[in-house]
Chemist: 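Have a look at the structure that comes next, please.
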2 protein chains.
Amino acid sequence: MEVTVADNQLIDFQKKLEIFFLGKEEHHEFCPVRDIMDRFSDKWSFLAILNLGYSGTTRFNVLKGKIEGISQRMLTVTLRSLERDGLITRKIYAEVPPRVEYELTLLGKGLLRQILELAGWASDSMEEIVKARMDYDSKLQ
Amino acid sequence: MEVTVADNQLIDFQKKLEIFFLGKEEHHEFCPVRDIMDRFSDKWSFLAILNLGYSGTTRFNVLKGKIEGISQRMLTVTLRSLERDGLITRKIYAEVPPRVEYELTLLGKGLLRQILELAGWASDSMEEIVKARMDYDSKLQ
DNA sequence: CCGTATCCAACAGGATACTG
DNA sequence: CAGTATCCTGTTGGATACGG
């Protein structure tokens, strides 16, 4: 028997799950987690945060260059939404041509931390997931 | 000066960020993280995983009852997609009426772990985010 | 340079009805 | 019970053009 670590982890899971699901009962009409998780249900937010974390203070067009495939419109929309949630700051310099710099707040860095964990897991699990997909698809002939 | 913990955390961040962004260069045409993160860009996947984590082996309609607001169609679609990625298993019992049970795989439990972290952060940060939103909205008069 | 405005296509996902 | 099939709507987000 050497499942102790895994067992401990499962117990830890169960505790957190219970905290989460029991807490849900109290403020049952408004689920904070669901609301916040919707932040991820868009295509670009987490990529913007990752890049801001990596590059630090960054200008609009630089960021646009780093996030492959994003349109100007969607970068604006995404950044506004992150700013509204207090995850990033937006500083405008009164120059010509104008310069605007974005930066993660402390709150944003907290989220960055979570995203990095998730990204790490994704990276580690990628191979297994791709294999599972191929297995699944092949069984449908 | 007592920023040591925060500093260490930032260094840790930077390391993980570098691993992530440098790794990206190598297999630059296919970003695993972006692919996996798309798993979250739907409305229901993470809720299904949370509930399966909480309830363990669960039948289709029980799960449907627990995930508030999900339609029969979307639960089917979501579960199929999770099954395809090897995150859950689907067991069919040849009974009348039929019984189908879903359960997290080991891989799925790994993802559950990440989701719980994220959900915990969301729960902890909710208040601050709501406040930031109100501030932002009020400043637009 | 950093946006906004407008238009439009694609797709996620809800409602409903039907089956093994 | 646990789906599938069909239809239909709202939203996301891309392309383009223009403005401060």
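Just so we're on the same page: letters track the sequence lines, and every chain starts at 1. For clarity, every value in this text was computed on a predicted model and none was experimentally measured.
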Chemist: From C-beta outward on Arg73(B), which listed nucleotide comes closest to its side chain: dT6(D), dT6(C), dG3(C)?
Modeler: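 Minimum distance to the Arg73(B) side chain belongs to dT6(D).
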Chemist: Between the two end axes of the helix from dC1(C)-dG20(D) to dG20(C)-dC1(D), each built from 5 base pairs, what angle do you get to the nearest 10°?
Modeler: 50°
Chemist: Provide, to the nearest angstrom, the distance between the CD atom belonging to Glu68(B) and the C1' atom belonging to dG14(C).
Modeler: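 Going from Glu68(B) (CD) to dG14(C) (C1'), I get 16 Å.
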Chemist: More 5' along DNA chain C: Lys43(B) or Val77(A), using each one's nearest nucleotide?
Modeler: Val77(A)
Chemist: So does Glu101(A) have more than 12 non-hydrogen atoms from other groups sitting under 6.0 Å from CD?
Modeler: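 More than 12 heavy atoms, drawn from other residues, nucleotides or ligands, come within 6.0 Å of this atom.
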Chemist: Please say yes or no: joined through hydrophobic side-chain contacts below 4.5 Å, possibly via intermediate residues, are Ile92(B) and Val96(B) part of one cluster?
Modeler: no
Chemist: Counting heavy atoms not belonging to Leu106(B), are there more than 12 under 6.0 Å from its CG?
Modeler: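 No, not enclosed.
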Chemist: Nearest whole Å is fine: how far is dC1(C) P from Leu63(A) CG?
Modeler: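 Whole-Å distance recorded here is 15 Å.
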Chemist: Looking only at the side chain of Asp42(B) (C-beta and beyond, no hydrogens), which of the listed nucleotides dG3(D), dA5(C), dG13(C) gets closest?
Modeler: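 Of dG3(D), dA5(C), dG13(C), dG13(C) is nearest to the side chain of Asp42(B).
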Chemist: Tell me, which of residues 80-101 of chain B have any heavy atom that sits under 4.0 Å from an atom in DNA chain C?
Modeler: Pro98(B)
Chemist: Rounded to whole angstrom units, what separation is found between the NZ atom of Lys64(A) and the C1' atom of dC2(C)?
Modeler: 11 Å
Chemist: In this structure, are over 12 heavy atoms from other groups packed under 6.0 Å from Glu83(A) atom CD?
Modeler: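 Enclosed.
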Chemist: Is the closest basic N to carboxylate O distance between Arg34(B) and Asp38(B) below 4.0 Å?
Modeler: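 No.
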Chemist: How many whole angstroms separate atom CE of Met74(A) from atom P of dA10(C)?
Modeler: 17 Å
Chemist: Salt bridge or not between Lys131(A) and Asp135(A)? Use side-chain N to carboxylate O under 4.0 Å.
Modeler: yes
Chemist: Taking CD1 from Ile67(A) and C1' from dG13(D), how many angstroms apart are they, rounded to a whole number?
Modeler: 15 Å
Chemist: Select base, sugar-phosphate, or nothing to describe what Arg59(A) touches, counting heavy atoms under 4.0 Å on all strands.
Modeler: sugar-phosphate
Chemist: What is the distance, rounded to the nearest whole Å, between atom CG of Leu75(B) and atom P of dC1(D)?
Modeler: 14 Å
Chemist: I'd like to know whether CD of Glu127(A) has more than 12 heavy-atom contacts from other residues, nucleotides or ligands below 6.0 angstrom.
Modeler: no
Chemist: Would you indicate, yes or no, if dG3(D) has its OP1 or OP2 atom less than 4.0 angstrom from a side-chain nitrogen or oxygen of Tyr102(B)?
Modeler: yes
Chemist: Determine whether Leu17(B) and Leu22(B) fall in the same hydrophobic cluster, where Ile, Leu, Val, Met, Phe, Trp and Tyr are linked whenever their side-chain heavy atoms lie under 4.5 Å apart.
Modeler: yes
Chemist: Would the distance check show the side chain of Ser125(B) and the main-chain N or O of Ala122(B) forming a donor-acceptor pair, the cut-off being under 3.5 Å?
Modeler: no
